[in-house]
Amino acid sequence: MRNIALLALSTTLSTAAAATVSGSQTTPLTVNVKNVCITAYTTPGWNGAAGLGRTWDKIDLGTISAISNTVTADKLVMAVDCNYDTALKIITPTSVTMTRADKKYTFNITTNPWSATNPMSMSFSTAGSYEPGMLGGKYEYYEVKASFKMGGAGQNPNVAWTIPGGTYTGDMIVKFEYNE
């Protein structure tokens, strides 16, 4: 019996769990996340640098004269997606030069209010800018819309009378800046 008791004791001692020892080793990590802004509403082909210099579709401002005008409202002229909390500085133009096809005549569309002395007027709004959610997080979306009132009021004095007829074209450039 004594041999059986020693055998049982020896089996118990050999199967007892060893004391757990733990430790850790630390490796410091670093990563640099750059803010990036890309043209919104486009395919990946407009990502990165290509999205920074996008040309939008042409806006037709209609047919005007010294006695008639048109209003073109809320046309998208810039849309950008950026990393969350990226502050985008938007720089809208104060004027756009329109040049007749033969390059003989020009006039300016300005941000001054429409009047008989400023019959070619534009304004900008950024009401669409917000922080949408995506995949459980947020990002920054910025957009600029332009509105135009073009043409004369029909009475004198009226600067619209001084612009010779023809088709005029020009480029509106909305700039933006952000810190990487």
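Excluded from the calculations below are hydrogen atoms, water molecules and symmetry mates; all remaining heavy atoms, backbone and side chain alike, are included. Everything numeric here is computed off the predicted structure, so don't read it as measured data.
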Report yes or no: does [X] contribute a side-chain atom to a donor-acceptor pair with the main-chain N or O of [Y] at less than 3.5 Å?
X      : Y      : value
Asn35  : Asn83  : no
Arg100 : Gly165 : yes
Trp114 : Pro119 : yes
Thr97  : Asn108 : no

side-chain contact (heavy atoms from CB on, under 4.5 Å) partner of Met150, the single match among Asn69, Thr72, Leu61, Thr63: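 Considering Asn69, Thr72, Leu61, Thr63, a side-chain contact (heavy atoms from CB on, under 4.5 Å) with Met150 is found only for Leu61.
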
Could you state the interatomic distance from [atom1] ([X]) to [atom2] ([Y]), rounded to the nearest 0.5 Å?
X      : Y      : atom1 : atom2 : value
Trp161 : Ser65  : CH2   : OG    : 7.0 Å
Ile91  : Met78  : CD1   : CE    : 10.0 Å
Ile109 : Ser123 : CD1   : OG    : 11.5 Å
Met120 : Ser115 : CE    : OG    : 11.5 Å
Phe148 : Thr70  : CZ    : OG1   : 10.0 Å
Lys34  : Thr86  : NZ    : OG1   : 13.5 Å

Shortest non-hydrogen contact between Tyr178 and Ala87, atoms and distance: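 Tyr178 and Ala87 have their closest heavy atoms at CB-O, 3.7 Å.
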
So if you build clusters from Ile, Leu, Val, Met, Phe, Trp, Tyr with side-chain heavy-atom gaps below 4.5 Å, do Tyr105 and Ile163 land together?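 Shared cluster, yes.
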
Quick check: is Val174 connected to Val80 through a chain of hydrophobic side chains (ILVMFWY, heavy atoms under 4.5 Å apart)?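 Both belong to a single hydrophobic cluster.
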
Can you tell me if Ile59 has over 12 outside heavy atoms packed within less than 6.0 Å of its CD1?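 Yes, the 6.0 Å shell around CD1 holds more than 12 heavy atoms from other groups.
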
Flag the pair Tyr168 / Phe107 as yes when their ring centroid distance falls below 6.0 Å, and as no otherwise.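 Yes.
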
Check the pair Glu140 / Tyr84 against side-chain contact (heavy atoms from CB on, under 4.5 Å), numbers first and verdict last. CA-CA 5 Å; Glu140 304 294 334; Tyr84 180 66; 3.5 Å; yes

Side chains of Asn118 and Thr110: donor-acceptor distance under 3.5 Å anywhere?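 Looking only at side-chain atoms, Thr110 and Asn118 do form a donor-acceptor pair, the distance falling under 3.5 Å.
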
Please examine the side chains of Phe124 and Pro93, heavy atoms only from C-beta on, and report whether any two atoms are closer than 4.5 Å.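 Counting from C-beta outward, Pro93 and Phe124 do come under 4.5 Å.
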
Is the shortest side-chain heavy-atom distance between Asp81 and Cys37 below 4.5 Å?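 No. Closest side-chain heavy atoms not under 4.5 Å.
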
Taking Lys145 first and then Glu143, would you say they form a salt bridge - that is, a charged N and a carboxylate O separated by under 4.0 Å?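 A salt bridge links Lys145 with Glu143.
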
Charged N to carboxylate O below 4.0 Å: is that the case for Lys104 and Asp102?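 Between Asp102 and Lys104 there is no salt bridge, as every charged N stays at least 4.0 Å from the carboxylate O atoms.
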
Could you walk me through whether Met122 and Thr111 satisfy the side-chain contact (heavy atoms from CB on, under 4.5 Å) test, starting with their C-alpha distance in whole Å, then the side-chain angles of each, then the deciding distance to 0.1 Å, before giving a yes or no? CA-CA 5 Å; Met122 64 183 172; Thr111 53; 4.1 Å; yes

Should Trp56 and Val77 be marked as a side-chain contact (heavy atoms from CB on, under 4.5 Å) after you check the CA-CA gap, both sets of side-chain angles, and the distance that decides it? CA-CA 7 Å; Trp56 291 88; Val77 294; 5.6 Å; no

